[in-house]
Asks: 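Quick one: the structure is below, questions incoming.
Chain naming here is simple, since letters A, B, ... match the order of the sequence lines and numbering starts at 1 in each. All values below come from the heavy atoms of this structure, side chains included, with hydrogens, waters and symmetry mates left out.
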Amino acid sequence: MSEGLNPAQQIAVSHHAGPLAVIAGPGSGKTRVMTHRIASLISTGVSPSSILAITFTNKAADEMLRRTLTLLPDAMGARLPASGFLGPSSLDLDDGTPVLRTFHSFCARLLRRYIHRLEPYSSNFSIYDSADQLQLVSEVLKNLQLDRTSFPPKATLSKLSHWKNQMASPEQVSEDSATFRDREMARIYFRYQELLEERNAADFDDLLLLLVRLLREHPDVLESLRNRFNFVMIDEFQDTNRPQYLIAKLLAEQHRNLCVTGDPDQSIYSWRGASQDNYLRFREDFPEYSIVTLDQNYRSTPQILEVASRLSGTDFGERKLFTKNESGPEVRVLQVRDERAEAARIADLIENWQADGVSSSEIAILYRVNALSRTFEEEFVRRRILYSVIGGMSFYERKEVKDILAYLRAARSTRDDVALQRIFNVPTRGIGKVSIERFVDAAGDAGRTLGEHLRCDDALDALRGKAKKGVEQLRKVLETLSSNSKKSLTDQVQLAIEASGYLPHLEKSEPESWQERERNLAELVAAASETEEILSSVSSRAAASGEEFEQIDALSLFLERIALVTNAEMKSTKDGQVSLMTLHSAKGLEFDRVVIIGVEETLIPHSRHGEPEGIEEERRLLYVGVTRARRELVMSHASWRRRFDHREPRLPSSFFTQLEGTSIVFEQGDSREGSHRGWEQDSFGHIPDDSFQEEDDGIHPGSWIRHEILGRGVVLSAQGHGASKRISVRFEQGGEKQLVVAYAPVTPISPPDDEWNSP
DNA sequence: CCTACTTGTTTTTTT
DNA sequence: AACAAGTAGG
C-alpha cells in the first residue's frame with residue numbers, strides 16, 4: 001500500500017487517528033497521499049462509507065474516487081460504481097463507497113433531506129445561481145427604491161456574499177454600520193435574505209450556512225452524521241472559508257479524525273471568504289494535531305521551479321520546494337505587439353509542439369480574466385487548432401436554457417418567484433411592465449408569493465385585456481407542467497419546451513442565432529435523459545442489494561446538478577484539444593506545456609486587487625499558474641491590448657522584476673520573426689549576454705524613445721546588455737525613470753519635431 | 001399599455 | 001460588443 005511513497009508521504013498515509021495537517025507544495029503528490037490514505041484506512045477495516053472527503057471541485061472528487069478504487073482489492077473495486085456525480089457519493093444510498101464531494105454539493109444533498117427542519121424552508125427548495133441572485137438583488141433595489149448606479153447589483157452582491165462568508169447576520173451588519181450608505185447596504189442584505197426565505201431558495205453561500213445552522217440546532221442530525229462519518233478529510237484547506245471550517249469542525253470535533261491538506265502558498269480565494277485563519281483555528285481546536293510537509297516536487301523541471309520559487313516564499317519562506325527531475329527547456333517570456341500578435345505567436349508555438357508530437361490535451365493556455373480567451377478562440381478556429389474553453393459562459397447560463405429551466409422551477413415550486421418572473425412574459429404574451437407591476441402589488445397585498453398568487457382565482461382581477469389573457473395562458477402552461485410532474489424527467493423538459501411555445505418564439509425573436517439556441521435546447525433534453533439513466537442505475541443497484549434509500553425526485557437532482565456542477569466538469573474532456581482556462585480554474589491541474597498569457601500590470605496583478613494583501617494573492621495566483629507546468633512554461637505580455645473598443649497601452653507585469661537573474665529567456669517580436677532567432681534554439685545553455693548586442697536596438701544614451709504609457713523621453717544612460725539592459729530615461733512629461741528594456745514597452749523614435757505616428 | 005428601437009454601461013477570479 | 005435601462009411609436 002505504501003509502495004513508491006517517500007517517507008513524508010508514508011507518514012501522512014499511515015496517520016489514521018487524530019487530527020493531521022498535510023502541507024503539500026505543488027506537484028508533491030498530494031492526491032496520491034489522499035487516495036493512498038483512504039485505501040489504507042479501508043484496508044485496516046474502516047468501512048468505506050464512514051469516510052468523508054471534501055474536495056474543491058466535483059471533478060477532483062471523481063478523479064480521487066477513481067484513483068482510490070484502483071488501489072483497493074479488485075473484488076471491492078468492482079462492486080463500486082466507476083464515476084458520476086451521484087452514483088458514488090449519493091448520501092442517500094449507502095453503497096459502501098467513501099463519500100467524495102464538494103462542500104456545496106455535500107450540503108445541498110443533506111439539506112434536500114433535512115431542510116424542512118429549518119423554518120420556513122421545504123425540501124423542494126431552489127438553489128439560486130449567480131444570475132438568479134443578481135435578479136433578486138435588482139428586485140430588492142426596486143423594492144427599497146434604491147438606485148442601481150449607487151448600488152451596482154454585482155458589487156452589492158459580492159458585499160452581501162462577503163458578509164455571509166464572515167457569518168455576519170443582517171442584524172449584526174446593521175448594528176455595525178456607521179454611515180448612511182452602510183445602513184442602506186444592511187437593509188438590502190436584510191431584505192435579500194428575507195426574500196430568499198420567502199422563496200424557499202438558497203444561494204451558494206446559504207448552502208453552507210444553512211447546514212451549519214442545521215447541525216447546531218438539531219443535535220440528532222449532527223449526532224447521526226458524526227456516527228456515520230468517522231473520518232473526515234478536507235482538501236485545498238487553504239481555500240476554505242469560515243462556514244466550511246465550521247462544518248468540518250462540527251463533524252470531527254468528537255472523534256477528532258480530521259485530516260486537512262493544502263498549501264498556503266496556493267491560497268487564491270480570499271475574495272470568497274477563504275482565510276488563513278482556518279489554519280489558526282485548526283491549531284486551536286485540534287491542538288494535538290500532527291503536521292506533515294511534502295516538499296519534494298515530482299511534477300516540474302528545475303527551470304520551472306526556479307521561477308516558481310521566486311514567486312512564493314514571502315509568507316512561508318522556510319519551506320522550499322526541490323526536485324530531482326531532469327533539466328528542461330528554459331522558461332520563456334514573449335513580448336508581443338498586441339493580443340492578436342500574442343494569439344498568432346502562441347498558435348505558432350502550439351503548432352510546433354504538435355509537430356514534435358506533443359498531445360494537445362497536454363497544452364494549456366491560462367489567463368487572468370475570461371475575456372482573454374476570445375482572441376485565441378478566433379485564431380484557433382482560423383488555424384484549425386482544436387481547443388476547449390473551460391469555464392466562462394457555461395451552457396446552463398445560456399438564456400434559452402435558463403428560460404426553460406425557469407419553467408420547470410416555477411411549475412415545481414410556487415415560491416420560486418425569480419424563476420417565475422423570468423418567464424412571465426417570455427415568450428411575449430402581452431404582459432408588459434405595468435401589468436407585471438400590478439400583479440406583483442396584488443400578490444404583495446394578498447401576502448402571497450407570485451407563484452401562489454398566480455394559482456389563485458382572484459389573480460386576474462387586477463388585469464384587463466391582453467395582459468389578462470397572457471397571464472391566463474401562463475397559468476395554463478404551468479398547470480400543464482405541474483400535472484405532468486410524475487412523468488419522466490426527459491418528458492418534462494421536452495414538455496416545458498413545447499407547452500411554453502418557446503421554439504416559435506426563438507425563431508421570431510432571434511433571427512441570427514435561433515438555430516444554435518435550438519441545438520442548445522436539444523442538448524438540454526439529452527442532459528436530462530443522461531441524468532435519468534444515472535439515477536435509474538443507482539436505484540436498480542439499490543433494489544438489487546436490498547438497501548433502502550430515500551428517492552430524491554429526478555427534477556430536483558437535475559436542477560441541483562446544473563447549479564453545482566460547473567460547465568468545466570460537465571464537458572467530458574476530449575483528447576486532442578488545447579485547454580483554455582483562467583488561472584483560478586487551473587488549480588489542481590497539470591499540463592506538459594503551459595502558456596500564461598496577458599502577464600501585464602493591471603491584469604496580473606489585477607487592478608482590482610486590494611493593497612497589499614491583494615497583491616500577495618495575485619502573486620500566489622501566478623505561482624499557481626507557473627506550477628501547473630511539467631516540462632515547458634511560456635509567459636506572454638503585449639504592449640497593446642484591446643479593451644471594450646479601444647486600444648490600451650500595457651506594461652509588463654511588475655512580477656517580472658522578481659524574476660530578474662533567473663535563467664528565463666525573453667523573446668521579442670511577433671509571429672514571423674520571433675521564433676527564428678539563433679539564440680532561442682539553444683535552450684539549455686545560458687544565453688550569452690552579447691546576444692542582443694549583435695542587433696542594434698537603437699537605444700543609446702542621447703537617443704529618443706517612446707514609452708507606450710509614459711510618453712516620449714530621451715535616454716540618459718544605458719547599462720548592461722540583452723535581457724538585463726537597463727536604461728535611464730528623462731521623459732517629456734517630466735520625471736526620470738529606470739527601465740529594463742526587455743520589460744518596458746519602449747520603441748526607439750526619431751527626436752521630437754517629427755510627426756507623431758501612433759501604431 | 002405594449003413593443004421596438006436607441007443610448008449608455010460594462011469586465012476579476014467561482015461554488 | 002453585449003446587455004440593460006430609457007424613449008418614442010403604435
Asks: Within the pair A:Asn425 and B:dT3, is there a side-chain N or O less than 4.0 Å away from OP1 or OP2?
Replies: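 Result: yes.
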Asks: Roughly, in whole Å, what's the span from CD in A:Glu437 to P in C:dA5?
Replies: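 Rounded to the whole Å, the gap is 13 Å.
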Asks: Should A:Lys466 be listed as having a side-chain N or O under 4.0 Å from OP1 or OP2 of B:dC1?
Replies: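 Checking A:Lys466 against B:dC1: no side-chain N or O falls below 4.0 Å of OP1 or OP2.
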Asks: Select from A:Gly432 and A:Arg272 the residue whose nearest nucleotide in DNA chain B is closer to the 5' end of that strand.
Replies: A:Gly432
Asks: Between A:Ser138 and A:Arg374, name the one whose nearest nucleotide on DNA chain C is closer to the 5' end.
Replies: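 Checking each residue's closest nucleotide, the 5'-ward one belongs to A:Arg374.
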Asks: Run the salt-bridge test on A:Asp403 and A:Arg422 with the 4.0 Å N-O cut-off and return the result as yes or no.
Replies: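 Counted as a salt bridge, because a side-chain N and a carboxylate O are separated by less than 4.0 Å.
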Asks: Just wondering, do A:Arg620 and A:Ser267 contact through their side chains at under 4.5 Å, heavy atoms?
Replies: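 With C-beta onward as the side chain, the pair touches.
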Asks: With a 4.0 Å cut-off, would you call A:Lys142 and A:Glu139 a salt bridge?
Replies: no
Asks: Considering just the side-chain nitrogens and oxygens of A:Asn370, establish if one lies under 4.0 Å of OP1 or OP2 belonging to B:dT11.
Replies: no
Asks: How many Å lie between CG on A:Leu621 and C1' on B:dT14, as a whole number?
Replies: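 The distance from CG of A:Leu621 to C1' of B:dT14 comes to 12 Å, rounded to the nearest Å.
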Asks: Rounded to whole Å, please give me the gap between CE in A:Met581 and P in B:dT15.
Replies: 12 Å
Asks: Nearest-Å distance, CG (A:Leu134) to P (C:dA5)?
Replies: 10 Å
Asks: Strictly below 4.0 Å, N to O, side chains only: are A:Arg650 and A:Glu600 in salt-bridge contact?
Replies: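 Answer for the salt bridge query: yes.
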Asks: Do the charged groups of A:Asp235 and A:Lys30 touch, with an N to O distance under 4.0 Å?
Replies: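 Answer for the salt bridge query: yes.
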Asks: Is the phosphate of B:dC2 approached by A:Ser435 (side-chain N or O, under 4.0 Å from OP1 or OP2)?
Replies: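 So the side-chain polar atoms of A:Ser435 do come within 4.0 Å of the phosphate oxygens OP1 or OP2 of B:dC2, strictly under.
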Asks: Atom NE2 of A:His584 and atom C1' of B:dT12: how far apart are they, to the nearest Å?
Replies: 8 Å
Asks: I'd like to know if A:Arg642 pairs up with A:Glu648 as an ion pair, taking the criterion as any Lys NZ or Arg NE/NH1/NH2 lying under 4.0 Å from an Asp or Glu carboxylate oxygen.
Replies: no
Asks: Is A:His606 side chain donor-acceptor paired with the B:dT12 base, going by distance under 3.5 Å alone?
Replies: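 Side chain to base: no pair below 3.5 Å.
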Asks: Starting the side chain at C-beta, find the nucleotide from B:dT11, B:dC2, B:dT14 nearest to A:Thr582.
Replies: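 Minimum distance to the A:Thr582 side chain belongs to B:dT14.
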Asks: Which whole-number value in Å describes the distance from A:His505 NE2 to B:dT3 P?
Replies: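 After rounding, the gap between these two atoms is 11 Å.
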Asks: For B:dT13, does either OP1 or OP2 sit under 4.0 Å from a side-chain N or O belonging to A:Ser585?
Replies: no
Asks: Looking at every strand, decide which applies to A:Ser130 at a 4.0 Å heavy-atom threshold: base, sugar-phosphate, or nothing.
Replies: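 A:Ser130: no heavy atom of the nucleic acid under 4.0 Å.
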Asks: Scan A:Arg438 against the nucleic acid and name what it touches under 4.0 Å (heavy atoms): base, sugar-phosphate only, or nothing.
Replies: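 Sugar-phosphate, backbone atoms only, no base.
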Asks: Nearest of B:dT12, B:dT15, B:dT14 to any side-chain atom of A:Arg368?
Replies: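 In terms of side-chain proximity for A:Arg368, the closest of B:dT12, B:dT15, B:dT14 is B:dT12.
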Asks: Name the closest nucleotide to the A:Val434 side chain, picking from B:dT15, B:dT12, B:dC2.
Replies: B:dC2
Asks: By centroid distance (under 5.5 Å) and plane angle (under 30°), are A:Phe103 and B:dT15 in a stacked arrangement?
Replies: no
Asks: Quickly work out the A:Ile597 CD1 to B:dT12 P distance and round it to whole Å.
Replies: 17 Å
Asks: Between A:Ala371 and A:Lys433, which is nearer to the 5' end of DNA chain B once each is assigned its nearest nucleotide?
Replies: A:Lys433
Asks: Using atom CG of A:Leu111 as one end and atom P of B:dT15 as the other, report the distance to the nearest whole Å.
Replies: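 For the pair A:Leu111 CG and B:dT15 P, the rounded distance is 19 Å.
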